[in-house]
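As structure tokens, the structure follows; a few thoughts come after it.
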Amino acid sequence: MFSTSIKHISGLSATLALLLGLASTNVHATFIDFDDITAQPSEPFTGCFCGHILSNEYESHGLLFSGPTNWLIGGKLPDGTNRNIVLGLNGISLQFIGTLPNFVSFNIHAPLGGEASYMDVYGKNGYLFTHVSSGWQGSEEQSTTYIPNELVSISASENITGMYIYSFYGLRTGPQIDNLTFESRTVPEPSSLFLLALTLTAVFWKEIKTNKNFQPQFR
């Protein structure tokens with residue numbers, strides 16, 4: 001009886017594992033670290049934004065930068081590779097094209113090193129919601145401890161067409177972002193998964209009960 005129960009448990013586990021695997025298929029993910037373009041050095045800062053103004057450089061990846069306020073700044077490391085970030089003059093405007101994501105993440109740093117940053121998220125029908133990073137928001141009640149280069153992750157229930165990223169004080173030197181990842185995931189409806197899992201569980205317990213009540217006959 002014990003071995004039979006184990007077999008059913010293993011079968012159920014395999015089925016659920018397959019179900020989870022199917023749920024996570026059809027993922028389209030893009031990662032951009034912005035180090036493939038050579039930008040002007042940003043330090044020491046002389047008051048001149050002499051970096052590279054971003055626009056359609058990443059169009060083939062499904063990303064556009066809207067407006068003249070998105071600057072790529074950085075410089076070369078000793079090994080000759082680039083180390084860049086995207087700096088917003090007041091804010092950073094992202095526009096997604098092609099396969100639209102429903103998940104976006106990146107590292108963010110506020111210009112004054114302590115203020116919160118805000119991410120207005122937009123879908124096909126307009127504004128969806130605002131995601132807020134750690135940092136100062138004008139009062140102790142609203143604020144949280146600032147996390148330098150915080151990794152923020154944003155998920156939406158529908159496709160994201162664009163984002164506008166800005167900081168609390170809204171100064172000329174806006175937020176900085178790096179290591180942008182955006183994904184589009186096709187996942188089965190939660191209700192369908194729930195019903196299937198419920199059915200499998202019912203079958204599992206029925207078979208366990210049957211095996212428990214079975215009395216073998218010996219000659």
[X] and [Y]: which non-hydrogen atoms are nearest, and at how many Å?
| X | Y | answer |
| --- | --- | --- |
| Pro175 | Ser117 | CB-OG, 4.0 Å |
| Pro101 | Phe182 | CB-CB, 3.9 Å |
| Gly174 | Leu87 | O-CD1, 3.4 Å |
| Gly123 | Thr161 | O-OG1, 3.2 Å |
| Tyr127 | Phe129 | OH-C, 3.2 Å |

>> Evaluate Asp120 against Thr130 for side-chain hydrogen bond (donor to acceptor under 3.5 Å, both in side chains), listing each step before the verdict.
In response: CA-CA 4 Å; Asp120 292 344; Thr130 297; 2.7 Å; yes
Would a 4.5 Å heavy-atom cut-off, applied to side chains only, mark [X] and [Y] as touching?
| X | Y | result |
| --- | --- | --- |
| Leu63 | Phe96 | yes |
| Leu112 | Trp136 | no |
| Tyr122 | Asn125 | no |
| His131 | Val152 | yes |
| Ile154 | Val121 | yes |
| Asn82 | Asp36 | no |
| Thr181 | Phe106 | no |
| Asn84 | Ile73 | no |

> Are Asp33 and Arg83 ion-paired here, with the side-chain N under 4.0 Å from a carboxylate O?
Replying inline: no
Do [X] and [Y] share a hydrophobic cluster (ILVMFWY, side-chain heavy atoms under 4.5 Å, transitive)?
| X | Y | value |
| --- | --- | --- |
| Leu151 | Ile177 | no |
| Leu180 | Phe103 | no |
| Ile160 | Ile32 | yes |
| Leu54 | Leu64 | no |
| Phe31 | Ile97 | no |

>> side-chain hydrogen bond (donor to acceptor under 3.5 Å, both in side chains), that's the test. Do Ser134 and Glu150 meet it? Break it down for me.
In response: CA-CA 8 Å; Ser134 64; Glu150 178 182 3; 2.7 Å; yes
Can you tell me how far apart [atom1] ([X]) and [atom2] ([Y]) are? Round to the nearest 0.5 Å.
| X | Y | atom1 | atom2 | value |
| --- | --- | --- | --- | --- |
| Leu94 | Tyr164 | CG | OH | 11.0 Å |
| Gln176 | Asn149 | CD | CG | 8.0 Å |
| Glu183 | Thr30 | CD | OG1 | 8.5 Å |
| Phe34 | Ile85 | CZ | CD1 | 10.5 Å |
| Leu100 | Glu158 | CG | CD | 10.5 Å |
| Leu128 | Asn159 | CG | CG | 10.0 Å |

> Taking the six-membered ring for Trp, are Tyr118 and Tyr166 parallel (under 30°), tilted (30 to 60°) or perpendicular (over 60°)?
Replying inline: parallel
> Considering residues at least two apart in sequence or located in another chain, which fulfil the side-chain contact (heavy atoms from CB on, under 4.5 Å) criterion with Thr145?
Replying inline: none
> For Ser66, what residues pass the side-chain contact (heavy atoms from CB on, under 4.5 Å) criterion, not counting sequence neighbours?
Replying inline: Ser93, Gln95
> Any side chain to side chain donor-acceptor pair (under 3.5 Å) pairs touching residues 102-116, not counting sequence neighbours?
Replying inline: Asn107-Asn179, His109-Tyr146
Flag, side chain of [X] to backbone of [Y], donor-acceptor distance under 3.5 Å:
| X | Y | answer |
| --- | --- | --- |
| Thr69 | Gly88 | no |
| Glu57 | Ser55 | yes |
| Ser143 | Ser139 | yes |

>> Under the criterion side-chain hydrogen bond (donor to acceptor under 3.5 Å, both in side chains), I'd like the reasoning laid out for Thr99 against Ser184: C-alpha separation, chi angles, the key distance, then a yes or no.
In response: CA-CA 7 Å; Thr99 303; Ser184 175; over 6 Å; no
